[in-house]
Protein chains: 2
Amino acid sequence: MSQIGTLATVARSSSGESVLERVVRVLEAFTPSDRALTVGELSRRAGLPAATGSRMVADMVEHGLLARDADRRVRVGTRLWELASRASPTLSLRELAMPVLEELHGHVGHHVQLGVLDGEQVLFVERLSADQAVINYTRIAARLPLHASSSGEVLLAHAPADLQEQVLAGPLARFTPFTITDPAVLRRRLADIRRDGFVVCCGFLHPEATGIAVPVRDEHRQVAAAVSVIVPNDERARDHIAPLAAAARRIEQRLSAP
Amino acid sequence: MSQIGTLATVARSSSGESVLERVVRVLEAFTPSDRALTVGELSRRAGLPAATGSRMVADMVEHGLLARDADRRVRVGTRLWELASRASPTLSLRELAMPVLEELHGHVGHHVQLGVLDGEQVLFVERLSADQAVINYTRIAARLPLHASSSGEVLLAHAPADLQEQVLAGPLARFTPFTITDPAVLRRRLADIRRDGFVVCCGFLHPEATGIAVPVRDEHRQVAAAVSVIVPNDERARDHIAPLAAAARRIEQRLSAP
DNA sequence: ACGGCCTGCCCATTGAATGGGATCGCCGTT
DNA sequence: AACGGCGATCCCATTCAATGGGCAGGCCGT
């Protein structure tokens, strides 16, 4: 009697997950260091059966969300970026801010970043880097925690009260000996930021880097983004506050203009 | 006898379309001029029944692909951009090229663009604009036809043979009296580009704008992108070729370096 | 108060998506 | 050359997630 392959009807079909969930998981499987993946590796990372992964990749390639390399490996497609960028309010903010950021960058000669609040993190939408400057630990489309980055603190200071409480309540991860992990201290800093209109974060994320950030307000005076500069610790942070504030004001003008 | 609502079992469920198709159509419904849409309008544009549209929007919002405005209208979410940008090979090219583009931009003082080949069009991944310069008719994430833009001609000249034939065969849309619509002329220009390493397009898209473009090659000497400058017609185009070529070479160095 | 419009929920219905297994092709090793 | 391992795709019976009319509640301008 043939036993193998006849062991009752095994559970087939259905996954208990929406297609969207899986599409997002597939996209999340790619990272800056793993930009090209085989279908197998991709399926593994996304937690999908090989057959399902294969089919999903084929579909996503057909719709331009993924692209196949010459060596059959898979990458994220440019069409996805196009769809995401074309009508994104955040990206149009970026585009408006660009000329100002360029000028600021030419002036200060260090990393210049534009970040927005997304969930419980800062998401950097633009970054003009200075080759010779302090270590690079952010990229475009990278995220940083709100309590340990200058942009993050600025955005948190002007965020809805419930988000502030949530962050203050949750554990505050430590990155260096200087990272602020005491909620009470953070709360005081946030009040200071609202009063002063800027913040200086010395070695919170990386012991040798200082971040300085100011808020950018939209036409309704709501804080929509933060501009920041990353400088080595030995540089006088105070000198950069005025140019930063001036840049923020120029971006605000361009936001209101058209 | 109640007639209404009893007229036999109406066809329900199923659409004959994959979820992905619809997700893409929803995203396509947004344009730079319509960045926020009501659920109703969105459903209409994407060709979806109201109920289905409502549910899809809810799902997509939950996964961060869309975001809801304060006034209940819908926008594209930043998370989508993040997923698209984080691991995109094209975007990392952009990031590498940025410092060079910045410098070039400061030097020439006109629109500077970085475009890649995508399907049968150029897709612009970066654009540094000059406020006072000629009319803006491209944006980031915008597309232009291959035969009528300087970047397009450069990319087409180095594209696979079958794509070249396809474009040469298809109708060549006319935008100005100067647009090249004769396949034979275009074919000759492509050969010239391969020989010269640059192209000048005078008034092909807009009667008063001239585009100048050069190719950027990756580590395998394959053309991966095109850098272009847009100048007013009365400016001497020739003067910009050398700086452009120099910029392209510097980008190529940075592509091969790490 | 009324009509138009937008929105989201309900729920019977069903076809699109599923995943185990078989197949095919490509390596490097025996 | 034959083998074994691996990765990718195909096949197809199975089934549940997605579907879309209908309906009700909310909002606005008239």
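Every chain is numbered from 1 and lettered A, B, ... according to where its sequence line falls, protein lines coming before strand lines. Being a predicted model, the structure only gives us computed values, none of them experimental.
- The number of heavy atoms from other shown groups lying within 6.0 Å of CZ (B:R45) is above 12.
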Which pairs, protein N/O on one side and nucleotides 25-30 of chain D N/O on the other, fall under 3.5 Å?
none

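- For the pair B:L48 CG and D:dT19 P, the interatomic distance rounds to 8 Å; values are reported in whole Å.
- Across the protein-nucleic acid pair, B:L42 atom CG and C:dG8 atom P stand 11 Å apart, rounded to whole Å.
- Within the 3.5 Å criterion, the main-chain N or O of A:A157 finds a donor-acceptor partner in the side chain of A:R194.
- Taking only side-chain atoms of B:R44, from C-beta outward, the nucleotide of C:dG8, C:dC6, C:dA17 with the closest atom is C:dC6.
- Side-chain contact, B:S149 with B:S151: no donor N or O sits under 3.5 Å from an acceptor N or O.
- In this structure, A:D71 atom CG and C:dC27 atom C1' are separated by 15 Å, rounded to whole Å.
- When the nearest nucleotides of DNA chain D are assigned to A:V19 and A:G40 by heavy-atom distance, the more 5′-ward of the two goes with A:G40.
- Atom CZ in B:R45 sits roughly 13 Å away from atom P in C:dC6 (whole-Å rounding).
- Spacing between atom CD of A:E21 and atom C1' of D:dA18 amounts to 14 Å, rounded to whole angstrom units.
- The side chain of A:A51 lies closest to C:dG19 when the candidates are D:dA8, C:dG19, C:dT7.
- Note: CG (A:L20) to P (D:dA18) measures 9 Å, nearest angstrom.
- The phosphate of D:dA17 (OP1 or OP2) has no side-chain N or O of A:S18 nearer than 4.0 angstrom.
- Taking OG1 from A:T78 and CG from A:L66, the interatomic distance works out to 11.0 Å, rounded to the nearest 0.5 Å.
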Quiz prompt | Criterion salt bridge (charged side-chain N to carboxylate O under 4.0 Å, His left out) on B:E82 and B:R79, from CA distance to verdict | solution = CA-CA 5 Å; B:E82 182 193 356; B:R79 176 157 181 68; 3.5 Å; yes

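- In this structure, B:A58 reaches neither bases nor backbone, as no heavy-atom distance under 4.0 Å exists between it and the strands shown.
- Between the CZ atom of A:R22 and the C1' atom of C:dA17 there is a distance of 9 Å, rounded to whole Å.
- Applying the 3.5 Å distance criterion, the base of C:dG8 shares no donor-acceptor pair with the side chain of B:R72.
- Note that the CD atom of A:E126 and the CG atom of A:L91 stand 9.5 Å from one another [nearest 0.5 Å].
- For A:T38, counting side-chain heavy atoms from C-beta on, the closest listed nucleotide (C:dC6, D:dG7, C:dT18) is D:dG7.
- Nucleic acid contact class of A:R73 (heavy atoms, under 4.0 Å, all strands): none.
- The nearest pair of heavy atoms linking A:A36 to A:D69 is CB-OD2, 4.2 Å.
- The distance from atom CE of B:M56 to atom P of C:dT7 is 15 Å, rounded to the nearest whole Å.
- Counting only heavy atoms from C-beta on, B:R55 has its side chain closest to D:dT19 among C:dT7, D:dT19, D:dT9.
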